[in-house]
Trainee: 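Encoded as structure tokens, here's the structure I'll be asking about.
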There are 2 protein chains.
Amino acid sequence: MKADHIPAPAVKRLSLYLRELENLQRGGRTTVSSRRLGDALGLTDAQVRKDLAYFGQFGHPGIGYDITELSTEIRRILGTDRTWNILLVGAGNLGTALAAYRGFSKRGFHLVAVFDSDPRKIGRPVPSVESITIQPLGEIAKTVKQYDVRLAIISVPAEAAQQVADLLVEAGVRGVLNFAPTALTVPSEIAVSAVDMAVQLEQLSFQLGMMQRLPARSG
Amino acid sequence: MKADHIPAPAVKRLSLYLRELENLQRGGRTTVSSRRLGDALGLTDAQVRKDLAYFGQFGHPGIGYDITELSTEIRRILGTDRTWNILLVGAGNLGTALAAYRGFSKRGFHLVAVFDSDPRKIGRPVPSVESITIQPLGEIAKTVKQYDVRLAIISVPAEAAQQVADLLVEAGVRGVLNFAPTALTVPSEIAVSAVDMAVQLEQLSFQLGMMQRLPARSG
DNA sequence: TAATGTGAACTTCTTCACAGCC
DNA sequence: GGCTGTGAAGAAGTTCACATTA
């Protein structure tokens with residue numbers, strides 16, 4: 001197959017496949033079928049095969065997929081077969097927690113610097129990441145160049161997010177993960193991904209209301 | 001229109017419309033067109049109108065939508081025209097940050113209790129939320145009943161997440177927001193929403209790779 | 001003129017179903 | 001028998017375009 005246009009939902013699932021493959025590997029398995037991989041994630045076997053087929057032929061008929069082999073391929077596809085230097089803007093509660101999050105480095109993302117606009121924080125170490133000192137926003141451009149940073153995390157209040165995004169884009173950052181609860185306007189060549197935690201809860205709230213109205217769809 | 005089945009993507013956007021309406025309201029506006037609302041979020045005007053039409057007729061031809069009126073309707077649709085009591089399991093770095101997050105209460109979600117399995121944390125206040133004392137997991141069921149809790153946040157390590165989910169479901173929780181980087185298996189009547197921050201970065205990494213291969217699609 | 005609501009057309013995504021291989 | 005890869009069919013979601021209302 002090897003399509004040139006790939007559905008965005010398929011790329012999202014690719015990350016989930018990788019995560020699940022790592023779990024399976026920890027459990028001692030060496031191969032996995034599309035059926036088993038799909039079951040673990042609530043997807044059909046056909047969906048799994050189709051998604052992978054967008055990128056090449058990685059399976060072995062009668063056998064399934066070799067876990068190590070497929071993990072390597074997915075990392076290559078996602079571009080995480082190397083380490084990315086990232087930076088974080090906003091050393092509040094959430095930013096501090098994100099800075100300490102081990103899951104990023106496990107997946108090949110290395111935090112090199114943290115920024116904040118609060119003069120009382122500047123010059124101090126990030127709580128729980130002693131090795132990183134909080135810097136003023138004015139230092140962003142320099143850091144981007146120095147460490148070839150292409151990805152940044154925004155964890156500032158909504159009111160400040162657009163300004164920070166502008167700074168990051170100007171400094172040469174190519175992708176932004178936005179935790180501020182507001183939409184960002186950026187040039188089309190800049191990738192943006194957003195996480196709004198209140199929005200997630202609202203989705204759950206809606207689903208609960210739905211279930212109450214039309215309950216128990218079995219199948 | 002008032003369809004009985006509503007596309008999941010439409011529901012997701014509904015939350016974003018509400019967020020944007022609140023921003024507009026703060027800016028002093030009283031009405032907004034589908035065009036303007038769409039532009040702010042990177043959507044077409046038709047998309048906005050179609051999404052809203054799934055739920056009823058809220059607009060005024062020639063005028064647009066009344067911001068207060070539409071906000072109220074969306075809150076009613078999402079079920080956030082009331083306060084939800086929520087609880088949080090996992091008082092690590094991320095859990096602590098989430099507990100302190102003001103965005104939840106702003107949107108009608110009230111945190112009533114925090115749980116952790118670490119005996120050294122139990123009995124202590126949540127850092128930066130002095131009013132809440134960390135409780136052992138065994139207290140979950142009691143709290144769910146006492147406060148009529150229907151939604152819970154999981155922010156424990158991946159290895160513990162499934163066990164915690166089982167506990168929550170058994171206690172009567174109806175929806176779970178999962179921050180652990182693993183898929184959860186729950187009964188079909190339980191709603192699950194997941195946030196995996198490393199997955200978000202991987203999506204950005206992929207997009208950057210894509211852009212390098214086939215750059216500058218203008219249009 | 002400005003803007004909504006919506007059927008119809010279109011595009012995108014998912015599932016089916018089966019040839020082919022181990 | 002078990003399992004992949006994929007064209008074809010089907011389902012879902014988005015955009016168009018226009019009648020309609022203020």
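Residue numbers begin at 1 in each chain, while the letters A, B, ... track the order of the sequences.
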Trainee: Within this structure, what is the CD1-to-P distance between I63(A) and dC22(C), rounded to whole angstrom?
Mentor: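 So the two atoms are 9 Å apart, to the nearest Å.
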Trainee: Counting heavy atoms from C-beta on, name the nucleotide in dC13(C), dT15(C), dG5(D) closest to the side chain of Y65(A).
Mentor: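 Between dC13(C), dT15(C), dG5(D), the one nearest the side chain of Y65(A) would be dG5(D).
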Trainee: Kindly point out which of dA17(C), dT14(C), dT4(D) is positioned nearest to the side chain of S34(A)?
Mentor: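 Of dA17(C), dT14(C), dT4(D), dT4(D) is nearest to the side chain of S34(A).
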Trainee: Assign R36(B) to base, sugar-phosphate, or nothing according to its heavy-atom contacts below 4.0 angstrom with the strands shown.
Mentor: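 The answer is nothing, as R36(B) stays clear of every strand by at least 4.0 Å.
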Trainee: Whole Å only: how far is the CZ atom of R35(A) from the P atom of dT4(D)?
Mentor: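 Distance check: R35(A) CZ to dT4(D) P gives 10 Å.
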Trainee: Closest nucleotide of DNA chain C for G56(B) versus for P9(A): which of these residues is on the 5' side?
Mentor: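 Its nearest nucleotide being more 5', the pick is G56(B).
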Trainee: Side-chain donor-acceptor pair under 3.5 Å between Y101(B) and N93(A), yes or no?
Mentor: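 No - no donor-acceptor pair under 3.5 Å links their side chains.
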Trainee: Between P on dT4(C) and CG on D66(B), what's the gap in Å once rounded to a whole number?
Mentor: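 Taking atom P of dT4(C) as the reference, CG of D66(B) is at 13 Å.
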Trainee: Rounded to whole Å, please give me the gap between CD in Q47(B) and P in dT6(C).
Mentor: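 So the two atoms are 16 Å apart, to the nearest Å.
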Trainee: The side chain of P61(A) is closest to which nucleotide in this list: dT14(D), dT6(C), dC3(D)?
Mentor: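 Ranking dT14(D), dT6(C), dC3(D) by closest atom to the P61(A) side chain puts dC3(D) first.
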Trainee: If I take atom CG from residue D196(B) and atom NZ from residue K12(A), how far apart are they, to the nearest 0.5 angstrom?
Mentor: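 Taking CG in D196(B) and NZ in K12(A), the distance rounds to 11.0 Å.
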Trainee: Describe the nucleic acid contact of G62(B) in one word from base, sugar-phosphate, nothing, applying a heavy-atom distance below 4.0 Å.
Mentor: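 Counting heavy atoms under 4.0 Å across all strands, the contact made by G62(B) includes a base.
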Trainee: Rounded to whole Å, how long is the line connecting atom NZ of K50(B) with atom P of dA9(C)?
Mentor: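 So the NZ-P distance, K50(B) to dA9(C), works out to 13 Å.
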Trainee: Please check if the number of heavy atoms outside Q163(B) that lie under 6.0 Å from its CD is greater than 12.
Mentor: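 At most 12 heavy atoms, drawn from other residues, nucleotides or ligands, come within 6.0 Å of this atom.
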Trainee: Select one nucleotide: of dG5(D), dT6(C), dC16(C), the one nearest the side-chain heavy atoms of R49(B).
Mentor: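 Between dG5(D), dT6(C), dC16(C), the one nearest the side chain of R49(B) would be dT6(C).
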Trainee: Mind calculating the distance between NE2 (H5(B)) and P (dA12(D)) to the nearest angstrom?
Mentor: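 Answer to the nearest Å: 7 Å.
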Trainee: Side chain of A53(B) only, heavy atoms from C-beta on: which candidate in dT4(D), dT6(C), dT14(C) is closest?
Mentor: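 Nearest listed nucleotide: dT6(C).
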Trainee: Q57(B) has an atom CD; how far is it from atom C1' of dT21(D), in whole Å?
Mentor: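 It is 11 Å, rounded to the nearest whole Å.
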Trainee: Nearest whole angstrom, please: distance from the P of dG2(D) to the CG of D39(A).
Mentor: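 Computing the D39(A):CG to dG2(D):P distance gives 15 Å.
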Trainee: Do Q203(B) and S193(A) get their side chains close enough for a donor-acceptor pair, meaning under 3.5 Å?
Mentor: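 Note: Q203(B) and S193(A) side chains miss the donor-acceptor criterion.
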Trainee: Does CD belonging to E170(B) count more than 12 external heavy atoms closer than 6.0 Å?
Mentor: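 Atom CD in E170(B) is not packed in, count stays at 12 or less.
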